[in-house]
Structures are given as C-alpha cells and as structure tokens.
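The chain is numbered in sequence order, starting from 1.
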Amino acid sequence: MIIQELFQQAEKERVEEAYFLQHTVFEPYERYSLDKKVDVVMRIKEYIREYMIRLATCNIDREESQTVFIIELLCECYEDKGKTELTLFSIFDNEAHQKVQRDFSLWNKDRECRIERYGIDMSKPECIAGYHIAKKSVETLGITACCVEILHELFEFGYSDESREKNIQELYERIKEAEEDIAEGKLYSHEEVFEQLWEELLENCMNADEREHMILKREYESKVKKIERRYTQEILEANHKKIIALIRDEYGTASV
C-alpha cells in the first residue's frame, strides 16, 4: 500500500484528535495565554485537514521507490527508562532488495553491509504520497497512528509550504557554513561545544543558589555518565535488532 492509499482510508477526525494525544505542540508557546493556545490548536487542525486531503488526492510525483517504516522503540535516555516512542524512517527499496539477504546493519561503517535510513521531513507531500508504507507498521500501529507520525514528520520544518521551504533553506545554509569550518580545520566535538556553553551560562549566572545548583547537577551528571552510557548502548542494540527484524519482515526474508 502506498501512503496516498493510507490517507484515503484514514478518518480525518480521528487523526486530528490522535495528533494532539501523541505530540505536544506548545513547546514554542509556553507563555501563551490559554486563548492563544486554543488558536494554535485550531490552526494546526486546519493544516492537518489540508495535508490529509492533499496526500489523499494529489498527483503523485514519482521518485525512486521508497518504503516508510514506523516502529515503537524504547527511549534511549536513562531518565526515560521503560518508556517508548514512535520512530519513522524510509529506505530505498532497490538498496533493501540488494542487501536484505545478507547480514546487514543500519550503522556499520562498511557501506556494503549497511542499509541507509532517511527522514521524510524534507520531502514534498506529492513525493511522500507515492512512498510505500510498511505492512507491519500498519498492522501493528493502525492507520490513524501511521498518519499522525507521517504528518508530524512532514511538519518538522513548518506547517505551510512557505515556512517549510524557508526553514529547510536555512538548514542547508548552516550545513554549508559547517562544511566550510571543517574545510578550514575548525573542528569541535559535542563535548567541547556543550562545555563552552555551560561555562558561559555559569559565568553569566548571578544568583548564588542557581550557580550552586548548576555545579552540583554537573557533578551528579559526571558521576552517573558511565551508567547512562551503558544503558543507552544496551537499548541501541535492542532497537537495532528490532528494526532489522521489521525490515526483513517487509521484504519477506528470514533471518540469516
């Protein structure tokens, strides 16, 4: 089944309600009044209805065949131990057919043994409508949940075509700047960046209690870091196996 057919079968009202049960939309609007938050919800519902119709009725822009997978995985963060979240990705069918018979990986450095995963957040709705949706994802999660996750990915860079294009272009510009920095030898690890940011925050903090809290919290995070990393690695490996099983199931192959 392609995604256009998925949206043709979906109930618009159920998808609208499910979207707000699954995803919090007020992260940028915490300080808004209740009335303004209601306005935000109403506008987002309009976009949900608009894109549901668009995905269900548009002329499909045919690209190389892809399949979208949606799977429930354990959260990798230690603080969210035991919780799950839905993850969406797509893969190119040709690549999958070539490699799925082998002992493939999703993160192996050897490209010959790796199946690449992609997001759909930068794709046009007319392209997404023509992608396939994994059978097991629909069977396990249902049509409503699959539609919600596809819409959520589609809205990652904005709700309108204009805002999406603007935000995607800005991302490309930041990537270009980063590539120029790399070419000039300006390389910084995540640890170095976060360390600098933390030092700047601490330096600018004038409240004694807040400063002490920041320092003690940092000490605690340092002490539990190894425990958290072990847990994260364990969950990553478990999730990796689960995704591989889902891909094998879609392409009709037994484990090797």
Flag yes if more than 12 heavy atoms outside [X] fall under 6.0 Å of its [atom1] atom; otherwise flag no.
X: Glu5; atom1: CD; value: yes
X: His213; atom1: NE2; value: no
X: Met42; atom1: CE; value: no
X: Tyr172; atom1: OH; value: no
X: Asn59; atom1: CG; value: no

Quick one: do [X] and [Y] make a salt bridge, cutoff under 4.0 Å?
X: Lys99; Y: Glu95; result: yes
X: Glu126; Y: Arg54; result: yes
X: Glu170; Y: Lys166; result: yes
X: Arg49; Y: Glu13; result: no

Can you check whether [X] reaches [Y] side chain to side chain, under 4.5 Å on heavy atoms?
X: Ile227; Y: Arg230; result: yes
X: Leu6; Y: Tyr131; result: no
X: Ile215; Y: Glu219; result: yes

* Hey, are Gln233 and Glu237 close enough side-chain-wise for a donor-acceptor pair under 3.5 Å? -> yes

* Look at the rings of His23 and His152 and say which category their plane angle falls in: under 30° parallel, 30 to 60° tilted, over 60° perpendicular. => parallel

* Asked: Between Tyr159 and Tyr47, how do the two ring planes meet: parallel, tilted or perpendicular, split at 30° and 60°?
  -> parallel

Where is the tightest heavy-atom contact between [X] and [Y], given as atom of each residue plus distance?
X: Ala10; Y: Cys147; result: CB-SG, 3.7 Å
X: Ile2; Y: Ile60; result: CD1-CD1, 3.6 Å
X: Asp103; Y: Arg248; result: CA-NH2, 4.1 Å

* ring-ring contact (aromatic ring centres under 6.0 Å, His included) with Phe92: which residues, sequence neighbours excluded? -> Tyr118

